[in-house]
There are 2 protein chains.
Amino acid sequence: MDEATTQKKDIILNAAIKVFAEKGYYSSRTLDISNEAGVAYGSLYHYFRSKDDILMSIFQERWNLLIAKVRQVREQGSGPEEQLGMVIDFIFRSYRQNPDLLKVMIMDVPRLDKFYNPENWKLYNLFFRGLMEIFHEGQEQGVFAADVSPILATIIMHGAVDATIRQYVYNPEFNKEEFPVEEARGQIMMVLRRGFSKKVEGEKS
Amino acid sequence: MDEATTQKKDIILNAAIKVFAEKGYYSSRTLDISNEAGVAYGSLYHYFRSKDDILMSIFQERWNLLIAKVRQVREQGSGPEEQLGMVIDFIFRSYRQNPDLLKVMIMDVPRLDKFYNPENWKLYNLFFRGLMEIFHEGQEQGVFAADVSPILATIIMHGAVDATIRQYVYNPEFNKEEFPVEEARGQIMMVLRRGFSKKVEGEKS
DNA sequence: GTGTCGATTGACTGATCAGTCACTTCATGG
DNA sequence: CCATGAAGTGACTGATCAGTCAATCGACAC
């Protein structure tokens with residue numbers, strides 16, 4: 001795939017993110033996407049097999065960035081708590097940079113039947129596996145409580161971040177002024193750190 | 001609305017829950033619903049204005065049960081931790097009794113544009129308000145940490161439960177045998193209790 | 001100048017479905 | 001036993017759209 005093709009695909013994907021975020025996947029017309037992207041209707045089908053394929057491509061491309069981030073954080077090798085913090089930071093930063101993308105990832109991607117295929121699950125679970133490794137390492141180092149399952153810890157963490165971003169994206173009564181992203185990020189980290197951490201008294205690490 | 005009408009509506013709603021859970025809202029045909037319910041196609045439109053109306057009715061009816069549960073728990077008046085535990089229990093029990101319902105509530109309801117109207121937000125936030133009150137009370141009693149915002153605490157709790165149920169419903173790699181609902185419930189409660197609780201050392205309640 | 005081939009175009013089509021409506025059946029009560 | 005209207009029926013329709021395709025463009029090669 002040459003450079004120009006990659007660029008054109010990217011233009012279309014970004015247009016699609018905007019359109020899907022605005023109207024939701026099912027209410028979005030492929031014509032809207034081509035208009036937004038500034039390409040002819042038919043061109044969409046030159047670069048992508050179908051409307052579904054566009055959404056799946058958004059997921060795969062962007063989720064890989066998340067996985068890459070986890071890998072990078074792991075290789076960098078600071079403490080487990082810092083590592084989790086960096087992943088959470090990355091997600092919140094992604095939201096600030098492109099709220100539309102997060103909206104699509106959270107609301108549209110998981111609603112598409114075609115999303116639930118083995119290939120995507122594998123990709124999806126790669127992220128969780130990365131988090132679980134961090135967590136497990138933390139347990140071995142005595143930083144995190146040993147009686148919490150890494151799987152559950154990961155799910156809880158993901159759920160907390162996901163639900164918070166949902167509030168930002170959707171809930172009009174959720175006061176964004178009083179509750180800047182930074183604040184939310186900090187509080188989640190605080191609760192999770194306490195929730196996961198080994199009790200402070202007299203344990204040897 | 002007489003008894004018979006209420007019953008018929010309920011039959012249709014339960015059929016719709018089953019169909020929506022199976023195929024997702026947008027892929028479900030209203031014909032499928034009438035077949036499942038054992039009523040004529042046209043009858044749907046005798047009892048409900050539209051397909052949207054059916055989904056919204058599911059949300060409103062069942063969400064009110066959740067709100068009622070929170071109210072009941074509050075009136076019963078045990079400690080804040082127990083109260084939160086009872087709400088979480090109720091949700092997990094609902095899932096065991098009727099996984100389809102939870103699937104629809106988590107995946108289909110929030111995906112419908114029409115869901116986001118002031119009336120529904122009011123209902124939706126009533127639940128959160130209830131949890132926040134429990135949490136706030138816990139802070140005043142010195143059970144929960146004062147430096148965690150009740151709003152965030154509520155969102156984190158809801159997100160954790162939501163994400164866990166999602167795993168049960170969707171993730172084929174999530175091992176339900178090894179990880180029974182009871183186990184998940186217990187671990188979530190543990191993490192949240194630690195995450196929210198005031199530090200144990202030398203505080204007076 | 002001509003040939004080749006990928007990129008681009010947008011009018012068109014075939015299928016899909018939510019919702020309608022004219023009709024029938026049923027229950028109630030006078 | 002008829003009248004009234006609510007409950008129930010399902011064939012039909014009108015609108016909607018994803019995806020197709022035949023035609024055109026443009027870049028590069030020889």
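Per chain, numbering begins at 1; letters A, B, ... match sequence-line order. In this text the structure is predicted, and so the values were computed from the model without any measurement.
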- request: To the nearest 0.5 Å, tell me how far A:R96 CZ sits from A:I165 CD1.
  value: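 Going from CZ on A:R96 over to CD1 on A:I165, the span is 12.0 Å.
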
field: Modelled atom types, side-chain donor and acceptor of A:Y25 and A:D52, under 3.5 Å
entry: yes

- prompt: Hey, does A:Y47 reach any base, or is it just sugar-phosphate, or nothing, if we go heavy atoms under 4.0 Å?
  reply: sugar-phosphate

query: Is A:S34 touching bases, backbone alone, or none of the nucleic acid, heavy atoms closer than 4.0 Å?
result: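 Counting heavy atoms under 4.0 Å across all strands, no contact is made by A:S34.
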
field: Sequence-distant partners of A:Q76, side chain to side chain contact (heavy atoms under 4.5 Å, CB included), two or more places apart
entry: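 Per chain and number, A:Q76 pairs via side chain to side chain contact (heavy atoms under 4.5 Å, CB included) with A:Q72, A:S78, A:M86.
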
- request: Considering only heavy atoms of chain A and a distance under 4.0 Å, specify the first and last nucleotide of DNA chain C in 5' to 3' order that meet this criterion.
  value: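 So the outermost contacting nucleotides come out as C:dA7 to C:dA11.
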
message: What is the separation between atom CG on B:L44 and atom C1' on D:dA7, rounded to the nearest whole Å?
response: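 So the two atoms are 13 Å apart, to the nearest Å.
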
- prompt: B:Q7 CD to D:dG8 P: how many Å, rounded?
  reply: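 Between P of D:dG8 and CD of B:Q7: 12 Å.
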
- request: With A:K9 as the cation and A:F48 as the aromatic partner, state whether NZ or CZ is under 6.0 Å from the six-membered ring centre and within 45° of the axis.
  value: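 Flagged: A:K9 positioned over aromatic ring of A:F48.
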
- prompt: Hey, does the Lys NZ or Arg CZ of A:K8 hover above the aromatic six-ring of A:Y47, less than 6.0 Å from the centre and inside 45° of the axis?
  reply: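 No, A:K8 and A:Y47 do not form such a contact.
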
Phosphate-side-chain proximity, B:H46 and D:dA7, N/O vs OP1/OP2 below 4.0 Å: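 For D:dA7, OP1/OP2 do have a side-chain N/O of B:H46 under 4.0 Å.
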
field: Sidechain N-carboxylate O distance under 4.0 Å for B:E119, B:K122
entry: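 Not counted as a salt bridge, because no side-chain N and carboxylate O are separated by less than 4.0 Å.
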
